[in-house]
Amino acid sequence: MRLGLLTSGGDCAGLNAVVRAVVKRAVLGYGWEVFGIRQATHGLLSRPVDALELTPDRVGGILPTGGTLLGTTNRANPFAYPGPAGAVDRSAEIAAGYHALELDALIGVGGDGSLATLRRLAEQGDWRLIGIPKTIDNDLGHTERAIGFSTAVEVATEAVDRLHVTAASHSRVMVLEVMGRDAGHIALAAGVAGGADVILIPELPYTLDAVCAKLEERRRRGRNFSIVVVAESVRGPVGEVVKYKDAHGQARYGGIGEMIAREIALRTGAETRVTVLGHVQRGGSPTSLDRLLASAFGVYAVDLVAAGRFDRMVAWQNRRVVDVPIAEAVAQYRAVDPDDALVHTARGLGISFGDEAVPAGD
Ligand code: F6P
């Protein structure tokens, strides 16, 4: 059996842990060969295919490391591949790369976009595919956790801790903008774990009146500082999407933290500062939880191949690994449920989501 393995989409902590788990299970457990494909589906375009044989020796020591040994990309869509004369469909070449490498099955580690693309390629190219969910955004359907989320939350929580001290020293309102794409999972978890005063997430529309009322209430209680955690996809004060265009003309989230901080300063007179956490949430050594998840997912994915059960994604449900159809997982976007237990916990702690009714005259 020749097994292919690739990591696709934005990187996150825990990818090397999953590479290691797949290799150990496949090579030591089943006596198979494993080929790691470089730079996601990019590697399948090259001839010869850009791949390296992964042995237990080759993956020794990578468990605690960040990034991905295989490289990745979140920019090349095989069906609209960037070329000098515009986008071209290179899906047939990529699909053929699987057969050029004489693979019997492929394990793809990715988020919703990557897994949907890989599934389309698998259908077109007659691949046998298994998916493993990874995304710091934790927004994939049918899995309570994806690889990388725990580490991103850990990094964001540490940032909240650090901001508390400097906020208190200077009597400031500190605004922390965190990633998460269209979901507020990172902001919610890090905000609760770090003891933020206000958490703004896209799933719970806020008003600046409610945000400022919370900050004023703290001031009246003698608290001279506050911490506001904002998810990057939160809308602006008049409901606008806050994005900017990068050098390639792609729209990206960014800037809502600055907007919120400016409004808070204007309305309350508080001195505000903004921290945009950015890609530090994706780098660094994975937490123990991400290592455990990656290890469990990697082993289970190889066992699915051995059982001949394809077109499945491994998933975490009720404290165990299960498998679900890839199509179902990518079709169901998992935003924060406004009724989520963690939302209730936050409210119980007095954390504001900026959606509370503000008493007249406040
Ligand atoms: O999906 C992961 C993620 O880190 C999002 O949270 C963020 O919006 C985006 O990717 C950033 O993408 P890039 O690495 O292309 O800047």
Side-chain angles (χ1 to χ4, degrees), residues 6-15 18 39-42 66-68 70-77 80-82 108-118 131-141 143 145-157 159-160 176-191 199-203 229-236 241-260 274-284 286-287 290 293-294 313 329-330 332-336:
L6 59 79
T7 53
S8 180
D11 73 337
C12 64
L15 291 178
V18 78
Q39 301 296 130
T41 51
H42 268 310
T68 164
L70 302 176
T72 187
T73 175
N74 62 357
R75 290 196 49 217
N77 173 0
Y81 205 86
V109 188
D112 56 351
S114 299
L115 293 181
T117 299
L118 287 172
I132 298 182
K134 68 87 220 168
T135 166
I136 65 164
D137 308 331
N138 209 30
D139 55 2
L140 257 158
T143 186
R145 290 194 161 271
I147 297 167
F149 174 64
S150 160
T151 307
V153 171
E154 200 64 34
V155 172
T157 302
V160 176
L176 175 69
E177 180 181 311
V178 299
M179 283 185 167
R181 218 176 281 264
D182 297 305
H185 294 288
I186 298 176
L188 175 61
I199 301 173
L200 300 182
I201 57 175
E203 296 86 349
V229 178
V230 186
E232 62 179 355
S233 61
V234 162
R235 299 284 179 110
V241 173
V242 184
K243 283 188 170 176
Y244 68 95
K245 285 236 166 98
D246 70 12
H248 303 280
Q250 284 193 333
R252 332 191 62 79
Y253 282 123
I256 183 62
E258 196 62 54
M259 263 186 193
I260 298 283
V274 184
T275 303
V276 180
L277 208 48
H279 292 80
V280 294
Q281 292 157 103
R282 300 215 314 232
T287 59
D290 270 332
L293 196 65
M313 184 190 85
V330 299
Q332 190 200 73
Y333 188 73
R334 207 177 67 85
V336 172

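Both ligands and their constituent atoms are indexed starting at 1 by order of listing. Every heavy atom of this structure was used, including side-chain atoms; hydrogens, water molecules and symmetry mates were not. Note that the numbering runs from 1 along the sequence shown for the chain.
For Gln39 (side chain) and Thr72 (main-chain N/O), a donor-acceptor pair under 3.5 Å exists by modelled atom type. Using a distance-only test at 3.5 Å, with no hydrogens or angles considered, a donor-acceptor pair links the side chain of Asn138 to the main chain of Ala146.
Proximity of Ile136 to Met179: side-chain heavy atoms (C-beta onward) are separated by under 4.5 Å at one or more points.
Take Tyr81 and apply the ring pair (Phe, Tyr, Trp, His ring centres under 6.0 Å) test, not counting sequence neighbours, and it matches His42. In this view, Arg145 satisfies the salt bridge (Lys or Arg N to Asp or Glu O under 4.0 Å) rule with no residue, not counting sequence neighbours. For Asp137, the salt bridge (Lys or Arg N to Asp or Glu O under 4.0 Å) partners at least two apart in sequence or on another chain are Arg181.
The residues lining ligand 1, counting any heavy atom closer than 4.0 Å, are Asn74, Ile136, Asp137, Met179, Gly180, Arg181, Glu232, Arg252, His279, Arg282.
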